[in-house]
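Below: the structure, in structure tokens.
Residue numbers start from 1 in every chain, and the chains themselves are labelled A, B, ... in the order their sequence lines are given, proteins ahead of strands. Values in this document were obtained by computation on a predicted structure and should not be read as measured data. Values reported hereafter were calculated over all heavy atoms of this structure, with side chains retained and with hydrogens, waters and symmetry mates removed.
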There are 2 protein chains.
Amino acid sequence: MNQTVIPKPDYEAALREAGVRITRPRRVILGILSDAGDHPDAMEIFRRAVAIDNSISLSTVYRTMKLLEGIGAIHRHAFEGGPSRFEPAVGDHHDHLIDIETGDVIEFQSDRIEELQQEIARELGYEIVHHRLELYGRKRRRR
Amino acid sequence: MNQTVIPKPDYEAALREAGVRITRPRRVILGILSDAGDHPDAMEIFRRAVAIDNSISLSTVYRTMKLLEGIGAIHRHAFEGGPSRFEPAVGDHHDHLIDIETGDVIEFQSDRIEELQQEIARELGYEIVHHRLELYGRKRRRR
DNA sequence: CTTCTATTTGCAAACGATTTGCAATTGCAT
DNA sequence: ATGCAATTGCAAATCGTTTGCAAATAGAAG
Ligand SMILES: [Mn+2]
Ligand SMILES: [Mn+2]
Ligand SMILES: [Zn+2]
Ligand SMILES: [Zn+2]
């Protein structure tokens, strides 16, 4: 018992909140996002969606991602090279380490780095609106 | 006297080193890069190049940027939204703060952050090949 | 200085990711 | 059930960037 609760965002409520209709394509896409453990790109979300309802179009995936991003329900990451990748905006802020060999994305968080960023911005006379910290690396050869 | 020396990279030597021909378009583009104090994108470099030699093409700008990037003579930055922006790979490593109102790019450097990144990657079993730290912010309202 | 050829160029067309116009469909307030 | 604005699928457009190709040229050799 006592599993760690993986929080699932209530997208439908968020959409209703935003005064936006809950359609079949949206329901499908939201479902996919809710239980995506990874950081899929639009094409991958489209593939997963088609597997559920083959009438969904790629345009709708893109439109829905933009909509969700707009209401802050998901984050868009433009990692080096590839297309945008998405993830539910649930849980605490974190940054990413991308395995340049496999494309795997590993999440991490450093309060210390976040503080230092604030400090730097303040010294430069700026307030941070958002930031992007991405580490690109490869697995260390087993010692 | 005793000005801070703004180092100008010897691109021509680097090119010769790479066994590549030094052509008129390349000379023009290299000149522009050498004394660019900013982080121009390909189109901007193209504009500056055309002002010097109107026969230069945008393709050549792109090809030259790729070439220079390949030999490590310049860095390419894919800041949020816009096209790639470039800068000579001279001087020490630094990261960027982008003014989301003006697009201005401010450089900064934090040994502490760099160390913490190493530490994080090591803990995750990775070695960093490169990284990207971008702060997006706006000028703090004058106090 | 000329000759020779591989490299580089400009141009136009192709590219991949994403966005958009439009007519047809659909959610949902009445 | 009705009516209409919101949403959709589709195809075409867009943006930044890359590429094929025939013409131009750098620079090594003589
Ligand atoms: Mn993440
Ligand atoms: Mn810089
Ligand atoms: Zn962060
Ligand atoms: Zn750095």
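Nearer to the 5' terminus of DNA chain D, by closest-nucleotide assignment, is the contact made by A/Ser57 (compared with the other of A/Ser57 and B/Ala42). Both A/Pro25 and B/Arg85 lie close to DNA chain D; mapped to their nearest nucleotides by heavy-atom distance, the more 5′-ward contact belongs to A/Pro25.
Residue A/Tyr62 places its side chain closer to C/dT19 than to any other of C/dG10, D/dT8, C/dT19. Closest to the B/Thr23 side chain, of the nucleotides C/dT9, D/dT18, D/dT17, is C/dT9. Here the nucleotide nearest the side chain of B/Pro83, chosen from D/dT17, D/dG9, C/dT19, is D/dT17. The side chain of B/Lys66 lies closest to D/dT18, out of C/dT8, C/dA17, D/dT18.
In summary, the side chains of B/Gln109 and B/His93 do not present any donor paired with an acceptor at a separation below 3.5 Å, with no hydrogens or angles considered. Side chain to side chain, A/Glu134 and B/His130 fail the donor-acceptor criterion of an N or O pair below 3.5 Å. A/Arg26 and A/Thr64 share no donor-acceptor pair across their side chains, judged by distance under 3.5 Å alone.
Taking 3.5 Å as the limit, the base of D/dG9 and the side chain of A/Arg63 contain a donor-acceptor pair of atoms between them. Looking at B/Ser59, its side chain comes within 3.5 Å of the base of C/dA12 through a donor and an acceptor atom.
Rounded to an integer number of Å, the gap from B/Arg21 CZ to C/dT9 P is 10 Å. The distance between atom CG of B/Leu15 and atom P of C/dT8, rounded to the nearest whole Å, is 9 Å. The nearest whole Å value for the distance from the CD1 atom in B/Ile56 to the C1' atom in D/dA24 is 15 Å. Put simply, CG on B/Leu68 is 12 Å from P on C/dT8, counting in whole angstrom units. Spacing between atom CZ of B/Arg16 and atom P of D/dG27 amounts to 8 Å, rounded to whole angstrom units. Nucleotide C/dT19 holds its P atom 13 Å from the CG atom of A/Leu67, rounded to whole Å. One can place CZ of A/Phe46 at 11 Å from C1' of D/dC10, the figure rounded to the nearest angstrom. Residue B/Arg26 contributes atom CZ, which lies 9 Å from atom P of D/dG27 at whole-angstrom precision.
Counting only distance, with no hydrogens or angles, the side chain of A/Tyr136 and the backbone of A/Glu80 share a donor-acceptor pair below 3.5 Å.
One finds a side-chain N or O of B/Ser84 lying less than 4.0 angstrom from the OP1 or OP2 phosphate oxygen of D/dT17.
Using cut-offs of 30° and 60° for the angle between ring planes, the B/His39 and B/His94 rings count as perpendicular.
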